[in-house]
Amino acid sequence: MNNQPVQWTPTDRIEQSKDHIVSDMDGEKVMLSVQKGKYYNLGEVGGRIWDLLASPCTVQQLIDNLLTQYEVEPETCQAHVASFLDTLWSEGLICRASAT
């Protein structure tokens, strides 16, 4: 678990950490962390972010993708993405991606 707060920058590259079982249930993503034995309901938008994190990507790529799919102001999207990433980070569900 990562307890240190993160100041996400647009160029931070992140990806899913390993060992999670994920399923779609009525349009929402649900996940079980095998390592922690915890269940998470990511919701529709959170599920979309999770899908995008299957491959390493930058925070800005996440935001740009969501802005094309949802009607939301860029500042609002950026704040919500940062908050969601903070939650995933604190639970150890995402990690920094290696530079390519």
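- V34 and L93 fall into different hydrophobic clusters, where Ile, Leu, Val, Met, Phe, Trp and Tyr residues are linked whenever their side-chain heavy atoms come under 4.5 Å apart, directly or through other members.
- At a threshold of 4.5 Å between non-hydrogen side-chain atoms, the residues L53 and I14 count as touching.
- To the nearest 0.5 Å, the span separating CD on Q78 from CG on L62 amounts to 11.5 Å.
- Here L85 contributes atom CG and D12 contributes atom CG; the two are 9.0 Å apart, rounded to the nearest 0.5 Å.
- Rounding to the nearest 0.5 angstrom, the gap separating the CZ atom in R48 from the CG atom in N65 is 5.0 Å.
- For E73, the CD atom counts as loosely surrounded, since its 6.0 Å shell holds 12 or fewer non-hydrogen atoms of other residues, nucleotides or ligands.
- Of all heavy-atom pairs spanning P56 and A97, the tightest one is CB-CB, 3.5 Å.
- Taking CD of Q16 as the reference point, atom CG of D51 lies at 7.5 Å (rounded to 0.5 Å).
- Summarising the geometry, atom CD1 belonging to I63 is positioned 11.5 Å from atom CH2 belonging to W8; distances are rounded to the nearest 0.5 Å.
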Original post:
Can you list the steps and then say if E44 with Y70 is a side chain to side chain contact (heavy atoms under 4.5 Å, CB included)?
Top reply: CA-CA 11 Å; E44 178 188 343; Y70 299 97; 3.8 Å; yes
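- Taken together through direct or relayed side-chain contacts under 4.5 Å among Ile, Leu, Val, Met, Phe, Trp and Tyr, V30 and W50 form parts of separate hydrophobic clusters.
- Under the side chain to side chain contact (heavy atoms under 4.5 Å, CB included) rule, Y40 has a single partner from H20, E91, K29, which is E91.
- Shortest non-hydrogen contact noted between P10 and T58 is O-CB, 3.3 Å.
- Here CG of L67 is found 8.0 Å from CD of Q60. Values are rounded to the nearest 0.5 Å.
- At most 12 heavy atoms of other shown residues, nucleotides or ligands fall within 6.0 angstrom of atom CD in Q35.
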**OP:** Take V72 and L66 through the test side chain to side chain contact (heavy atoms under 4.5 Å, CB included) and record every step on the way to the result.
**Re:** CA-CA 9 Å; V72 61; L66 295 171; 5.8 Å; no
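- A pairwise comparison of heavy atoms in R96 and E15 identifies O-OE2, 4.3 Å as the closest pair.
- Residues L32 and L88 do not share a hydrophobic cluster, defined by chaining ILVMFWY side chains whose heavy atoms lie under 4.5 Å apart.
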